[in-house]
Amino acid sequence: MGVQESEPPAEHRPPNSENALDEDRLAQFGYKQELKRDWGLAHNFGVSFSIISVITGITTLFSYGLNTGGPAVMSIGWIVVSFFTILIAISMAEIVSAIPTSGGPYFWSAMLAPPRWSAFMAWTTGWFNLLGQVAVTTGISFGLAGLIPTAITVKNPDFVPTPRVTIGIYAAILISHAIVNSFGVHLLRYLNNVSIVLHSAGITAICIAVLAKAPTHQPASFVFQTFNDGTGLEGVGWSIRASPAYIAVCGCLMSQYTLTGFDASAHLSEETRKASWSAPIGVVSSVGFSALFGFFVLMAFLFSIQDFPTTLSSPYGNPVLQIFVDVLGEDGALVLFSLIMVCVWHCGLFSMTSNSRMMFAFARDGGIHPFFHKVDQRFKSPIRAVWLAATLSFILALPSLGSSVAFAAATSIATIGLYISYGLPIAIGLIWHESFTAMKGPFNLGAFSRPIAFVACAWICFITVVFCLPTANPVTSQTLNYTIVAVGIITIFAIGSWVLWAKRWFTGPATEVAEAMRLGVDITEPGALEEREKEETRRAMARTAEPVSE
């Protein structure tokens, strides 16, 4: 047998080695290619677009929006929230262009923070991202579990879904998502294409049908000026107890929760070709298109409301379904509502895809048990991480058995958890900007980088406080917004566990990788890091010696 030839450098590889540069870039972060890299820009965009899924957020939280501010807060709030969310997405895109790995925000924090803080910031960001990912999957799939019994009541008005029935449906949905993500990875690309068509052409058809068939349309004054406070369980809402402004900021949850989950483009970067460009474009474009498309959907529903009080107190328990029934009758409403439920199922499917990739990467770096860092060689899927995601999402929904506001709290947890994990690396890059500048990728904001990052961080701080506030009056054990409890537990756990034991063994991404990134060095080049460190040392000594020589 002859001697096996070593692999040629990337620049000497044949042109058909399409993924060579991506794999070399991943190697610079200290990782080998384990996941199958066969996603393109359209697929990367499609996953984030499907997880944002404006129809999912709007349908499941439409009742919340109507009662917490009404049409005026829903319409104007959507515009305001979209503006700030796009700024967040742009800042994240600049980071993922420089650091395209499945770890996403926690890996960014490790790379951008100074060596002294690198592991701690990775640990903290990772746990907030994990919480947010699990809560997003919970919010989407549990929302679908609530829509299915709602649809059943249209033809079976005597059917009364109990919390146990809803939880059972929810478990079945999670299992279906886990099975596809475990054994049907090759199907995900095709399901992604289906999802894009459903979320674009399908939902557009629904909106056009509703607008065209509506017997009457509400005036613009209703859509943009009608304020409603339905937060008072005993007649006194928060607009009286506090102020209308309190209701307005709390009502923005519908919009902010809907425009969440676009870090999926980052988590799938190790499966995406030309990731340094495709992933950031996937982040920004998914938010931009979703913002415009969501506004169209929201306008179609609000203008088509036939009777506002009836829509608020719908016997079906869902105002969107009530709008469909008023416009198209029960049969037509069920057809449109079924299409929406199919969209929500796809949204939950890809949410679990993103969730499992984050857990896979976090386990790879020691953030959670390494048991979950394993890719099944036959199915090319992190199966253990997939089922961990499903299990944690199920556990998070269990409080719904005893609380009427658990779903709204889950959406708040998802929003806050994810946006904190988005904000931490953005803030680190803002504070230690010189180090970030040295590693920037092709998506570069230049002089606009720091101003945009500052506004993005300020908005994240604002919503973190707002979405922990109670939205039902009076506040009881049944109406408490337990978001602050869940976020508080994760905060105490992340910081407390770091102080007590994690700092002794968790190093995050390899220290030498982080240092190489800061110095702009290719770590795969033998001796490059050492030579650059010597050069930096010589420069430092020269700067110190200058005053003496004078």
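Because the structure is predicted, anything quoted here is derived from the model rather than measured.
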S.K.: Using the side chain to side chain contact (heavy atoms under 4.5 Å, CB included) rule, take Thr124 and Trp498 through it: C-alpha gap first, then chi angles, then the decisive distance, then the call.
M.R.: CA-CA 9 Å; Thr124 305; Trp498 175 260; over 6 Å; no

S.K.: Using the test side-chain contact (heavy atoms from CB on, under 4.5 Å), find all partners of Ala178 that sit at least two apart in sequence or belong to another chain.
M.R.: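 Partners of Ala178 by the side-chain contact (heavy atoms from CB on, under 4.5 Å) criterion, ordered by chain and then number, come out as Met352, Val386, Trp387, Ala390.
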
S.K.: Among residues at least two apart in sequence or on other chains, which ones pass side-chain contact (heavy atoms from CB on, under 4.5 Å) with Trp117?
M.R.: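 Testing Trp117 for side-chain contact (heavy atoms from CB on, under 4.5 Å), a comparison that skips the adjacent residues, returns Ala113, Pro114, Phe120, Met121.
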
S.K.: Any chance you could measure Trp432, atom CH2, to Thr437, atom OG1, to the nearest 0.5 Å?
M.R.: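 One finds 14.5 Å between CH2 of Trp432 and OG1 of Thr437.
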
S.K.: Looking at residues at least two apart in the chain, or sitting in another chain, which of them share a side-chain contact (heavy atoms from CB on, under 4.5 Å) with Ile148?
M.R.: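 So Ile148 forms a side-chain contact (heavy atoms from CB on, under 4.5 Å) with Leu144, Ile152, Ile169, Ile173, Met341.
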
S.K.: Is Ser290 close to Leu259 at the side-chain level, that is, under 4.5 Å between some pair of heavy atoms?
M.R.: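 Yes - at least one pair of side-chain heavy atoms lies under 4.5 Å apart.
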
S.K.: Short question: side chain of Asn67, backbone of Ser63 - any donor-acceptor pair under 3.5 Å?
M.R.: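 Yes; judged by distance alone, with no hydrogens or angles, the pair exists.
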
S.K.: Let me know which of Val134, Ile167, Thr138 forms a side chain to side chain contact (heavy atoms under 4.5 Å, CB included) with Phe394.
M.R.: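 Checked Val134, Ile167, Thr138 against Phe394; only one passes side chain to side chain contact (heavy atoms under 4.5 Å, CB included): Ile167.
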
S.K.: Take a 6.0 Å sphere around CZ of Phe183 and say whether it holds more than 12 heavy atoms from other residues, nucleotides or ligands.
M.R.: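 Yes, the 6.0 Å shell around CZ holds more than 12 heavy atoms from other groups.
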
S.K.: So Leu418 and Asn129, do their side chains get closer than 4.5 Å, heavy atoms only?
M.R.: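 Counting from C-beta outward, Asn129 and Leu418 do come under 4.5 Å.
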
S.K.: List the residues meeting side-chain hydrogen bond (donor to acceptor under 3.5 Å, both in side chains) with Thr56, not counting sequence neighbours, and say none if there are none.
M.R.: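 By the side-chain hydrogen bond (donor to acceptor under 3.5 Å, both in side chains) rule, Thr56 matches Ser53.
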
S.K.: Under 3.5 Å, is there a donor-acceptor pair between the side chain of Arg364 and the main chain of His373?
M.R.: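 No, Arg364 side chain to His373 backbone: no donor-acceptor pair under 3.5 Å.
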
S.K.: When the aromatic ring centroids of Tyr257 and Phe467 are compared, is their separation below 6.0 Å?
M.R.: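 They do not qualify: ring centres at least 6.0 Å apart.
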
S.K.: For Asn444, is there any backbone N or O sitting under 3.5 Å from a side-chain donor or acceptor partner on Glu94?
M.R.: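 Side chain of Glu94 to backbone of Asn444, a donor-acceptor pair under 3.5 Å: no, none is there.
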
S.K.: Tell me the closest heavy-atom pair linking Thr483 and Cys468, and the distance in Å.
M.R.: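 Looks like CG2-SG, 4.1 Å.
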
S.K.: Might you confirm whether atom CZ of Phe506 has over 12 heavy atoms from other residues, nucleotides or ligands at distances under 6.0 Å?
M.R.: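 More than 12 within 6.0 Å, yes.
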
S.K.: Will you find, in the side chains of Ser265 and Ser48, an N or O donor that is under 3.5 Å from an N or O acceptor?
M.R.: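 Ser48 and Ser265 do have a side-chain donor-acceptor pair below 3.5 Å.
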
S.K.: Closest heavy-atom contact between Ser276 and Pro100?
M.R.: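 So the minimum-distance heavy-atom pair works out to OG-CG, 3.7 Å.
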
S.K.: Would Thr68 and Leu253 satisfy side chain to side chain contact (heavy atoms under 4.5 Å, CB included), going step by step from the backbone distance to the final call?
M.R.: CA-CA 9 Å; Thr68 316; Leu253 174 62; over 6 Å; no

S.K.: Distance-only, no hydrogens or angles: does the Thr137 side chain make a donor-acceptor pair with backbone N or O of Ser393 under 3.5 Å?
M.R.: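 No, the answer is negative, given that no donor and acceptor are paired below the 3.5 Å cut-off.
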
S.K.: Below 6.0 angstrom between ring centroids: does that apply to Phe289 and Phe293?
M.R.: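 For Phe289 and Phe293, the ring centres are not under 6.0 Å apart.
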
S.K.: Any chance you could measure Leu388, atom CG, to Phe362, atom CZ, to the nearest 0.5 Å?
M.R.: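 Spacing of CG (Leu388) from CZ (Phe362) equals 12.0 Å.
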
S.K.: Under 3.5 Å, side chain of Ser351 to main-chain N/O of Cys347, donor-acceptor pair present?
M.R.: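 Side chain of Ser351 to backbone of Cys347, a donor-acceptor pair under 3.5 Å: no, none is there.
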
S.K.: As a quick check of understanding, evaluate side chain to side chain contact (heavy atoms under 4.5 Å, CB included) for Val136 and Asn355, giving each step before the final call.
M.R.: CA-CA 9 Å; Val136 162; Asn355 195 346; over 6 Å; no

S.K.: Could you check whether any side-chain N or O of Ser497 sits under 3.5 Å from a backbone N or O of Ala494, counting only pairs where one atom can act as donor and the other as acceptor?
M.R.: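 Judged by distance alone, yes, a pair lies under 3.5 Å.
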
S.K.: Within the structure provided, determine whether Ile368 and Leu130 are in side-chain contact (heavy-atom separation under 4.5 Å).
M.R.: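 Yes, close enough: below the 4.5 Å cut-off.
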
S.K.: Quick check for you: to the nearest 0.5 Å, what is the distance between Leu424 atom CG and Phe128 atom CZ?
M.R.: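 Going from CG on Leu424 over to CZ on Phe128, the span is 7.0 Å.
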
S.K.: Please find the pair of heavy atoms, one from Phe350 and one from Leu188, that lie closest to each other, and give the distance.
M.R.: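 In terms of heavy atoms, the two residues are closest at CZ-O, 3.5 Å.
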
S.K.: Using distance alone, with no hydrogens and no angle criterion, decide if Asn318 and Thr150 have a side-chain donor and acceptor under 3.5 Å apart.
M.R.: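 No, Thr150 and Asn318 have no side-chain donor paired with an acceptor closer than 3.5 Å.
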
S.K.: Hey, does Asp263 have a side-chain heavy atom less than 4.5 Å from the side chain of Gln133?
M.R.: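 Yes. Closest side-chain heavy atoms under 4.5 Å.
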
S.K.: So which heavy atom on Ala135 is nearest to which on Ile413, and how close?
M.R.: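 Looking at all heavy atoms of both residues, the shortest contact is CB-CG2, 3.7 Å.
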
S.K.: State, without any angle test, whether Asp365 and Tyr106 hold a side-chain donor-acceptor pair at a distance under 3.5 Å.
M.R.: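 Result is yes, a qualifying pair exists.
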
S.K.: By side-chain hydrogen bond (donor to acceptor under 3.5 Å, both in side chains), which residues pair with Ser91, not counting sequence neighbours?
M.R.: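 Expected list: none.
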
S.K.: Heavy atoms, side chains only, cut-off 4.5 Å: are Thr125 and Pro425 in contact?
M.R.: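 Answer yes - side chains close enough.
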
S.K.: Is it the case that the side chain of Ser449 and the backbone of Gly446 share a donor-acceptor pair, with hydrogens and angles ignored and the cut-off at 3.5 Å?
M.R.: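 Pair absent, no side-chain N/O of Ser449 close to backbone of Gly446.
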
S.K.: Measuring only between side-chain heavy atoms, which start at C-beta, is Val54 closer than 4.5 Å to His199?
M.R.: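 They are not in side-chain contact.
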
S.K.: Can the ring centroids of Phe84 and Phe462 be said to lie less than 6.0 angstrom from one another?
M.R.: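 No, too far apart.
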
S.K.: Any non-hydrogen side-chain atom of Phe443 less than 4.5 Å from a side-chain atom of Val284?
M.R.: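 Contact flag for Phe443/Val284 side chains = yes.
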
S.K.: Is it true that a side-chain atom of Ser97 and a backbone atom of Trp277 form a donor plus acceptor pair closer than 3.5 Å?
M.R.: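 Checking the backbone N and O of Trp277 against the side chain of Ser97, no donor-acceptor pair under 3.5 Å is found.
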
S.K.: Examine distances only and state if a side-chain atom of Asn181 and a backbone atom of Leu349 form a donor-acceptor pair shorter than 3.5 Å.
M.R.: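 Yes, Asn181 side chain to Leu349 backbone: donor-acceptor pair under 3.5 Å.
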
S.K.: Could you go through the side chain to side chain contact (heavy atoms under 4.5 Å, CB included) check for Tyr170 and Ser141 one step at a time?
M.R.: CA-CA 6 Å; Tyr170 175 59; Ser141 299; 3.5 Å; yes

S.K.: Can you list the residues that meet the side-chain hydrogen bond (donor to acceptor under 3.5 Å, both in side chains) rule with Trp127, with sequence neighbours excluded?
M.R.: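 Partners of Trp127 under the side-chain hydrogen bond (donor to acceptor under 3.5 Å, both in side chains) test: none.
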
S.K.: What distance do Phe301 atom CZ and Cys207 atom SG have between them, rounded to the nearest 0.5 Å?
M.R.: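 Those atoms lie 5.0 Å apart.
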
S.K.: Rounded to the nearest 0.5 Å, how far does SG of Cys343 lie from CD1 of Ile203?
M.R.: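 Between atom CD1 of Ile203 and atom SG of Cys343 there are 4.0 Å.
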
S.K.: Can you name the closest pair of heavy atoms from Pro470 and Tyr246 and give their distance?
M.R.: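 Shortest heavy-atom separation between Pro470 and Tyr246 comes out as O-OH, 2.6 Å.
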
S.K.: In Å, rounded to the nearest 0.5 Å, how long is the span from CD1 of Ile79 to CE of Met74?
M.R.: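 That separation rounds to 13.0 Å.
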
S.K.: So which heavy atom on Thr59 is nearest to which on Ile55, and how close?
M.R.: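 Minimum heavy-atom contact is OG1-O, 2.7 Å.
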
S.K.: Within 45° of the axis and under 6.0 Å from the centre of the six-membered ring of Phe371, does NZ or CZ of Lys374 qualify?
M.R.: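 Output no; distance or angle outside limits.
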
S.K.: Under 6.0 Å from the CZ atom of Phe448, do we count more than 12 heavy atoms belonging to anything else shown?
M.R.: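 Result for CZ/Phe448: open.
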
S.K.: If we ignore hydrogens and angles and just use 3.5 Å, is the side chain of Trp78 paired with the main-chain N or O of Ala291 as donor and acceptor?
M.R.: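 Checking the backbone N and O of Ala291 against the side chain of Trp78, a donor-acceptor pair under 3.5 Å is found.
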
S.K.: Would you please say whether a donor-acceptor pair under 3.5 Å links the side chains of Gln256 and Trp459?
M.R.: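 The criterion, which ignores hydrogens and geometry beyond distance, is satisfied for Trp459 and Gln256.
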
S.K.: Under 4.5 Å between any side-chain heavy atoms of Ile51 and Ser354, yes or no?
M.R.: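 Yes. Closest side-chain heavy atoms under 4.5 Å.
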
S.K.: Under 3.5 Å, is there a donor-acceptor pair between the Trp345 and Ser176 side chains?
M.R.: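 Side chains of Trp345 and Ser176: pair found under 3.5 Å.
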
